[in-house]
Amino acid sequence: AQKVTQAQTEISVVEKEDVTLDCVYETRDTTYYLFWYKQPPSGELVFLIRRNSFDEQNEISGRYSWNFQKSTSSFNFTITASQVVDSAVYFCALSEYGFRTSGTYKYIFGTGTRLKVLA
Amino acid sequence: DAGVIQSPRHEVTEMGQEVTLRCKPISGHDYLFWYRQTMMRGLELLIYFNNNVPIDDSGMPEDRFSAKMPNASFSTLKIQPSEPRDSAVYFCASRDDRDGGEQFFGPGTRLTVL
């Protein structure tokens, strides 16, 4: 069955520290997609990244980087030199190819990690 | 594009009243999703549509909840009658039909049922 585990409920760091948010997933499919979303205090859900199961290349976008490792079923998110504006809840999500879900891609969300960056 | 639009942003109502939440997806998106977010249960998928047709409503909590999508640019989620336990933030999201396309979320409607 699909499952996404974000074991870190809350993390606090001091500004300029690096921080890694963990995401571990379970799926029996070979084709799937992984996502990260940010939910700042204002409440909206902001899309950050999408990765398919056939692309294990790590990705870097400014201070953000993502490490996808199929061997450990993990898709971790690192923020380098954190800033106060990074304070938010971060969600990891999994979507399978979906033959069992009428060919569509429902998300399974993790429970989120609340990141607090202190000035 | 303006993104996914939801209205109202906040709704306060009394138990037993009917509540209607509205959503306008991003133009050209074929899929529309309704989610509910609470502290206890996190993000839950309630129902989703493909080309205006409901595909999976297994997440709808009970018969008091109903959703419609009369056309490609509008959807409603109705709760009748509302109960205090329905208090939550309700999100609408849409996406296109690419393989594994990401969902884009609206700002949410914060519902409080007294």
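Every chain is numbered from 1, with letters handed out A, B, ... down the list of sequences.
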Should A:Ile108 and B:Leu45 be marked as a side chain to side chain contact (heavy atoms under 4.5 Å, CB included) after you check the CA-CA gap, both sets of side-chain angles, and the distance that decides it? CA-CA 9 Å; A:Ile108 299 297; B:Leu45 176 65; over 6 Å; no
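- Between the OH atom in B:Tyr35 and the CG atom in A:Leu45 there is a gap of 9.5 Å [rounded to 0.5 Å].
- Other residues, nucleotides and ligands place no more than 12 heavy atoms under 6.0 Å from the CG atom of B:Asp63.
- By the 4.5 Å side-chain criterion applied to Ile, Leu, Val, Met, Phe, Trp and Tyr, B:Leu46 is assigned to a cluster that also includes B:Met15, B:Val19, B:Leu21, B:Leu32, B:Trp34, B:Ile47, B:Phe49, B:Met60, B:Phe65, B:Met69, B:Leu77, B:Ile79, B:Tyr90, B:Leu111, B:Val113.
- Only the side chain of B:Gln37 has a heavy atom closer than 4.5 Å to any heavy atom of chain A.
- Counting heavy-atom neighbours within 6.0 Å of A:Lys70 NZ, excluding the residue itself, gives a total above 12.
- Checked by atom type and distance alone, the side chain of A:Tyr37 pairs as donor or acceptor with a backbone atom of B:Gln103 at under 3.5 Å.
- A:Glu44 and B:Phe91 get closest at one heavy-atom pair: CA-CE2, 4.5 Å.
- Other residues, nucleotides and ligands place no more than 12 heavy atoms under 6.0 Å from the CD atom of A:Gln57.
- When side chains are defined from C-beta on, A:Tyr107 does not count as touching B:Arg95, because their heavy atoms never get closer than 4.5 Å.
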Donor-acceptor contacts, no H, no angles, side chain residues 109-119 of chain A, under 3.5 Å, sequence neighbours left out:
from, atom 1, to, atom 2, distance (Å)
A:Thr113, OG1, A:Gln8, O, 2.6
A:Lys116, NZ, A:Glu10, OE2, 3.4

